[in-house]
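This report refers to the structure that appears directly beneath it.
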Amino acid sequence: GIRRVVYWNDHNGSTFVLSGIPERDLIVEDSDIVYARAGWAYWSGGRIFNMRGEGQGAGGKGVIFRNIRVEDSRPTLQTFMIAMQSFEPYGDSAKQTRGPGDL
């Protein structure tokens with residue numbers, strides 16, 4: 001598993017990109033997000049938990065997140081972005097659409 005990690009995202013980037021998580025047992029725990037900022041508000045990245053409208057199949061089946069602490073008092077964007085399909089102004093829905101499968 002992944003445990004006791006401190007994450008710092010300065011300017012852009014997502015801490016946990018959910019569309020790329022493999023279908024396997026995995027525990028992510030006891031971790032801190034101390035800084036979560038983005039330089040641009042209108043795009044599909046920059047969140048802490050992000051399903052960008054990509055991938056397919058059983059995304060994240062068997063993955064458990066627990067004891068994840070967000071300590072940044074002013075994160076730039078929302079904590080969760082769960083998108084099955086991208087939409088304006090965040091991206092192009094023709095290019096970013098999640099295929100069939102469960103989340």
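Quick caveat: nothing in here was measured; it's all calculated off a predicted structure.
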Got a sec, which residues hit side chain to side chain donor-acceptor pair (under 3.5 Å) with T15, two or more places apart in sequence or on another chain?
N9

Does a side-chain heavy-atom distance below 4.5 Å link I33 with I68?
yes

Could you state the interatomic distance from CD (Q96) to CD (Q85), rounded to the nearest 0.5 Å?
10.0 Å

I'd like to check the side chain to side chain contact (heavy atoms under 4.5 Å, CB included) partners of D25; sequence neighbours left out, ordered by chain and number.
none

Report the hydrophobic cluster partners of V34, with the cluster defined as I, L, V, M, F, W, Y residues connected by side-chain heavy atoms closer than 4.5 angstrom, directly or transitively.
V6, W8, Y35

Side-chain polar contacts of residues 73-84 - donor-acceptor pairs under 3.5 angstrom, sequence neighbours left out - could you list them?
{"from": "T76", "atom 1": "OG1", "to": "A38", "atom 2": "N", "distance (Å)": "3.0"}

On a heavy-atom basis, which atom in V17 and which in S14 lie closest, and how many Å separate them?
CG2-CB, 3.8 Å

Would you please name every residue forming a ring pair (Phe, Tyr, Trp, His ring centres under 6.0 Å) with F16, sequence neighbours left out?
Y7, F49, F65

Across all chains, not counting sequence neighbours, the side chain to side chain donor-acceptor pair (under 3.5 Å) partners of R69 are D32

Do L18 and V5 sit in the same hydrophobic cluster, where Ile, Leu, Val, Met, Phe, Trp and Tyr count as joined when their side-chain heavy atoms come under 4.5 Å apart?
yes

If I take atom CD1 from residue I2 and atom CD1 from residue I27, how far apart are they, to the nearest 0.5 angstrom?
11.0 Å

Once side chain to side chain donor-acceptor pair (under 3.5 Å) is applied, do any residues pair with E29, and if so which ones, sequence neighbours excluded?
R3, R66

